[in-house]
Amino acid sequence: MGDKLALAIDLGGTQLRAALIDRSGNVQKRSALATDVKGGPHAVVAQMLQLADQLGLTNVATVGVSSPGPLDSDTGITLDLPTLPGWQNFPLRQTLKEKLNLPVTLENDGISAAYGEWKFGAGRGLSHMVFVTVSTGIGGGVVVDHKLMRGARGMGGHVGHMMIARDGPLCTCGGKGCFEALAAGPAFGKAGLAHGYENASAIVDAARKGEVVALVLVKQEAEWLGYGFASLLHLYSPQRLVMGGGVSKALDLMLPIIKQTMLPITMPSFRSADIVAAQLGDNAGLIGAAGLAFA
Ligand SMILES: [Zn+2]
């Protein structure tokens with residue numbers, strides 16, 4: 001029989017990725033498609049089956065799916081995913097289970113990636129860790145007391161929707177002033193448009209060349225991250241905060257400012273937590289989904 005593998009599927013608003021992954025978190029083979037967002041859940045399930053077929057299921061023992069939330073991981077039903085219209089109350093786990101004839105787990109993408117980083121990445125060996133991914137949105141997951149925090153229906157750890165500014169900008173969730181609305185990639189990129197920077201990564205490139213306006217924009221972004229991170233340290237008392245997502249590629253530039261911002265608003269006893277970059281890149285969700293499927 002050899003070592004059995006997990007089929008991991010990472011459903012994103014742009015990309016649908018799948019991989020065969022072993023118990024040690026090694027990616028053996030991967031494949032991806034552009035998510036058929038307009039086609040809705042039935043079209044995307046067909047894409048998932050296509051990817052499964054491409055990768056081959058001969059050695060696969062279990063299937064782990066990572067999806068944007070909110071979703072109910074107890075029942076395996078997607079609730080109301082802001083990035084994927086038409087997925088309200090879709091029984092994703094049951095549908096895949098019937099089509100693939102294998103056990104299937106469904107978890108929120110932030111929780112999946114947090115699990116991946118905890119078991120196989122930047123959080124290895126820790127008992128208390130907060131993972132925050134800052135890209136198109138802000139997601140995350142929390143490990144407390146050596147356990148992945150899941151919350152009722154597996155919806156815990158939606159750190160992006162922590163409100164940090166009254167009357168702040170509108171968020172994808174319908175709320176205002178969420179951490180995500182202020183500090184995710186699109187907010188960072190938007191701040192640069194008025195200064196001729198086309199997006200967040202253009203700002204970062206210019207900042208690396210020492211352009212003053214870009215450095216100011218990076219400072220503003222790092223300050224918003226500092227506000228959010230300070231609250232997360234107080235809430236969960238992690239040993240380490242692991243930052244992933246596209247914006248974390250600029251963590252080396254931002255970390256001094258993040259720390260400076262946090263200093264006056266973080267109680268002294270919480271300041272020992274370190275802040276580090278994630279290690280698994282865009283494989284974190286896949287590796288975590290596989291790990292959770294095996295667990
Ligand atoms: Zn929100």
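Hydrogens, waters and symmetry mates play no part in the numbers below; they use all other heavy atoms, side chains included. Just so you know, ligand 1 is whichever comes first in the structure, and atom 1 is the first atom listed for that ligand. This is a predicted model, so every value here is computed, not measured.
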### Message
List the residues meeting ring pair (Phe, Tyr, Trp, His ring centres under 6.0 Å) with Phe90, not counting sequence neighbours, and say none if there are none.
### Response
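Testing Phe90 for ring pair (Phe, Tyr, Trp, His ring centres under 6.0 Å), a comparison that skips the adjacent residues, returns His42, Trp87.
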
### Query
In the hydrophobic clustering (ILVMFWY, side-chain contacts below 4.5 Å, transitive), which residues join Val242, or is it alone?
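Under the 4.5 Å side-chain rule, Val242 groups with Ile111, Tyr115, Trp118, Leu126, Met129, Phe131, Val143, Leu148, Val276, Leu292.
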
### Query
More than 12 heavy atoms of other residues, nucleotides or ligands under 6.0 Å from CG of Asn101: is that the case?
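Count not over threshold, so no.
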
### Message
Under 3.5 Å, is there a donor on one side chain and an acceptor on the other for Arg17 and Asn283?
### Response
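On atom types as modelled, these side chains do not qualify, holding no pair under 3.5 Å.
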
### Message
Once rounded to the nearest 0.5 Å, what's the spacing between atom CG of Asp282 and atom OG of Ser135?
### Response
10.5 Å

#### Entry: Distance filter under 2.8 Å, centred on the Zn ion (ligand 1) - protein N, O or S atoms that pass it
His161 ND1, Cys171 SG, Cys173 SG, Cys178 SG

For a quick test of your reading: what N or O donor-acceptor pairs under 3.5 Å do the side chains of residues 165-179 make, sequence neighbours left out?
{"residue": "Thr172", "atom": "OG1", "partner": "Glu180", "partner atom": "OE2", "Å": "2.8"}

